[in-house]
Amino acid sequence: MGKQNDPLEKPLFSYSNEFLTDYLPQQLGRSMNTVASYRNCLRLLRDYIETTTDRSFYRMTFRQATKEFTLGFLNWIDSRGCKKSTRNQRLACLKSYVKYVIEQDFEMAKWGSSILSIPMVTAEKPMVGWLREEALEAILKQPKDTRLGFRDTTLMVLMYESGARVSEMLNLQIHDLNLFSSGSSIRLHGKGGKTREVPLGDKSSSMIARYLSFFHPLDERCSDDFVFYTVIHETKNRMSIGNVERIVRKYASEARRESPLVPARVTPHMFRHTRATHLLRARMPLPLIGRFLGHMNLETTNI
């Protein structure tokens with residue numbers, strides 16, 4: 001086979017655009033976050049090529065992208081202090097790209113099989129942290145009686161009561177709130193584009209209603225406004241995860257001075273774990289807890 005017709009001589013990234021813009025979102029239905037993660041992986045691969053080899057990434061061919069080359073990339077990731085779970089995620093991205101390349105040209109199967117044979121490493125499962133009732137109460141009473149203090153309280157209460165992931169909470173828009181005197185709920189948009197309706201108690205419902213009057217007055221309210229936002233250059237933007245993390249750390253640090261039961265490290269995700277633990281202790285069946293949390297696999301709930 002002539003060099004010009006040899007598929008192994010094609011540039012390594014020759015299929016990347018179709019992989020990211022068509023295959024992942026259109027054919028597999030992957031979310032924007034997943035596509036962004038895969039794009040970031042391919043960018044890391046580009047950086048690895050340009051910083052550790054004498055090649056330009058756009059001249060790198062499939063023939064040069066051997067199993068040894070791929071292992072070198074994974075070791076490079078390890079050297080940057082990445083967790084084992086991150087390494088596995090990058091490898092999963094590369095394997096997905098390899099499978100796509102093979103689908104486009106079956107002659108690439110022999111090349112791809114060596115990379116597909118690379119095993120995942122055993123990643124340590126993180127301990128699931130949660131807050132005792134006294135610790136949760138100590139944190140929730142820390143915000144001052146101010147406009148922003150009330151915002152922070154509402155955010156933390158809603159994260160706990162709904163058991164939402166922090167990303168689900170920050171993606172919450174006005175039209176996702178269903179506030180009625182006969183019973184209120186919020187609509188959460190979870191992983192894989194799945195939505196679920198979560199009921200709210202009377203206390204948190206009245207808190208949300210009061211929050212809306214402060215931060216989303218009726219004459220300014222739009223249905224697609226983010227419920228929790230920050231203002232930058234006079235423009236409302238969705239609140240960032242980093243901002244929520246800072247809010248939680250701040251009040252946990254203040255609460256720790258009053259209560260020794262507040263852990264040394266408190267994260268937004270702990271509110272979700274705490275809600276699940278409290279439901280379990282209230283004897284709610286695991287399958288129902290899993291549905292409440294939006295888990296696709298009961299094993300996740302078991303953990």
Side-chain angles (χ1 to χ4, degrees), residues 1-126 167 190-194 295-300 302-303:
M1 180 183 292
K3 194 171 183 179
Q4 283 185 328
N5 298 321
D6 188 348
L8 289 175
E9 294 301 328
K10 287 184 178 180
L12 176 62
F13 292 89
S14 56
Y15 294 99
S16 60
N17 186 58
E18 294 85 353
F19 173 70
L20 293 169
T21 60
D22 179 64
Y23 180 68
L24 289 176
Q26 303 299 327
Q27 297 184 40
L28 296 187
R30 297 294 185 258
S31 69
M32 292 177 60
N33 288 339
T34 299
V35 174
S37 176
Y38 278 42
R39 181 180 289 109
N40 185 48
C41 174
L42 294 180
R43 284 174 176 161
L44 277 175
L45 183 59
R46 177 198 64 190
D47 293 345
Y48 170 71
I49 293 169
E50 295 198 330
T51 58
T52 65
T53 74
D54 57 358
R55 310 182 187 104
S56 268
F57 79 94
Y58 60 85
R59 292 185 181 276
M60 182 80 181
T61 66
F62 287 108
R63 186 182 302 281
Q64 294 166 323
T66 61
K67 179 178 181 179
E68 290 69 28
F69 165 82
T70 306
L71 288 171
F73 169 62
L74 296 173
N75 291 334
W76 180 71
I77 289 176
D78 290 340
S79 70
R80 292 158 60 96
C82 288
K83 297 178 181 177
K84 291 181 179 180
S85 58
T86 302
R87 181 188 191 276
N88 285 340
Q89 192 276 333
R90 304 303 187 199
L91 178 56
C93 165
L94 295 181
K95 287 186 174 184
S96 183
Y97 181 60
V98 167
K99 289 176 183 177
Y100 176 70
V101 170
I102 294 173
E103 282 187 17
Q104 306 313 302
D105 190 340
F106 194 70
E107 290 185 55
M108 302 292 284
K110 184 178 179 181
W111 163 81
S113 63
S114 64
I115 296 174
L116 293 176
S117 70
I118 299 174
M120 300 287 184
V121 296
T122 302
E124 295 180 359
K125 293 183 179 179
S167 58
K191 292 182 177 180
K194 294 184 179 294
H295 287 159
M296 299 175 67
N297 190 332
L298 186 58
E299 180 60 30
T300 306
N302 286 332
I303 294 171

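Values reported hereafter were calculated over all heavy atoms of this structure, with side chains retained and with hydrogens, waters and symmetry mates removed.
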Roughly how far, to the nearest 0.5 Å, is the CZ atom of F62 from the CE atom of M108? 4.5 Å
Which of L94, T52, L91 passes side-chain contact (heavy atoms from CB on, under 4.5 Å) with F73? Answer is L94
K95 (side chain) donor-acceptor with I118 (main chain) under 3.5 angstrom: yes
Working for side-chain contact (heavy atoms from CB on, under 4.5 Å), residues Y15 and Y97: CA-CA 8 Å; Y15 294 99; Y97 181 60; 3.6 Å; yes
Verify, without hydrogens or angle tests, whether W76 (side chain) and Y48 (backbone) share a donor-acceptor contact under 3.5 angstrom. no
Rounding to 0.5 Å, atoms CZ (R43) and OH (Y38) come to a distance of 16.0 Å
Without swapping roles, check the side chain of S96 against the backbone of C93 for a donor-acceptor pair under 3.5 Å. no
On a heavy-atom basis, the closest approach of L20 and P25 is O-CD, 3.2 Å
Using the rule given for side-chain contact (heavy atoms from CB on, under 4.5 Å), can you reason through Q64 versus L12, listing the C-alpha separation, both sets of side-chain angles and the distance that settles it, and then say yes or no? CA-CA 8 Å; Q64 294 166 323; L12 176 62; over 6 Å; no
Go through the steps for D78 and N75 under the test side-chain contact (heavy atoms from CB on, under 4.5 Å), then give the verdict. CA-CA 5 Å; D78 290 340; N75 291 334; 4.0 Å; yes
Here the pair of heavy atoms bringing A65 nearest to M60 is N-CE, 3.8 Å
Which of N40, L24, L28 passes side-chain contact (heavy atoms from CB on, under 4.5 Å) with V35? Answer is L24
Rounded to the nearest 0.5 Å, the SG atom of C41 sits from the CZ atom of R46 at a distance of 12.0 Å
Got a second to check how far D47's CG is from L42's CG, nearest 0.5 Å? 11.0 Å
Can you see which heavy atom on I49 is nearest to which on F69, and at what distance? CG1-CZ, 3.7 Å
What's the spacing between I77 CD1 and K83 NZ if we round to 0.5 Å? 15.0 Å
Applying side-chain hydrogen bond (donor to acceptor under 3.5 Å, both in side chains) as the test, list every pair that has at least one member in residues 21-32; sequence neighbours left out. D22-Q27, S31-T34
Could you list the residues that satisfy side chain to side chain donor-acceptor pair (under 3.5 Å) with T86, not counting sequence neighbours? none
Salt bridge (charged side-chain N to carboxylate O under 4.0 Å, His left out) partners of residues 54-67, not counting sequence neighbours, each pair once: D6-R63, E9-R63
Grab the two heavy atoms, one from R87 and one from P119, that are nearest each other, plus how far apart they are. NH1-O, 4.3 Å
Distance check, rounded to the nearest 0.5 Å: F19 atom CZ versus Q104 atom CD? 11.0 Å
Go through it in stages, so that I can follow the logic: the residues are S114 and T66, the test is side-chain contact (heavy atoms from CB on, under 4.5 Å), and I'd like the CA-CA distance, side-chain angles, deciding distance and then a yes or no. CA-CA 8 Å; S114 64; T66 61; over 6 Å; no
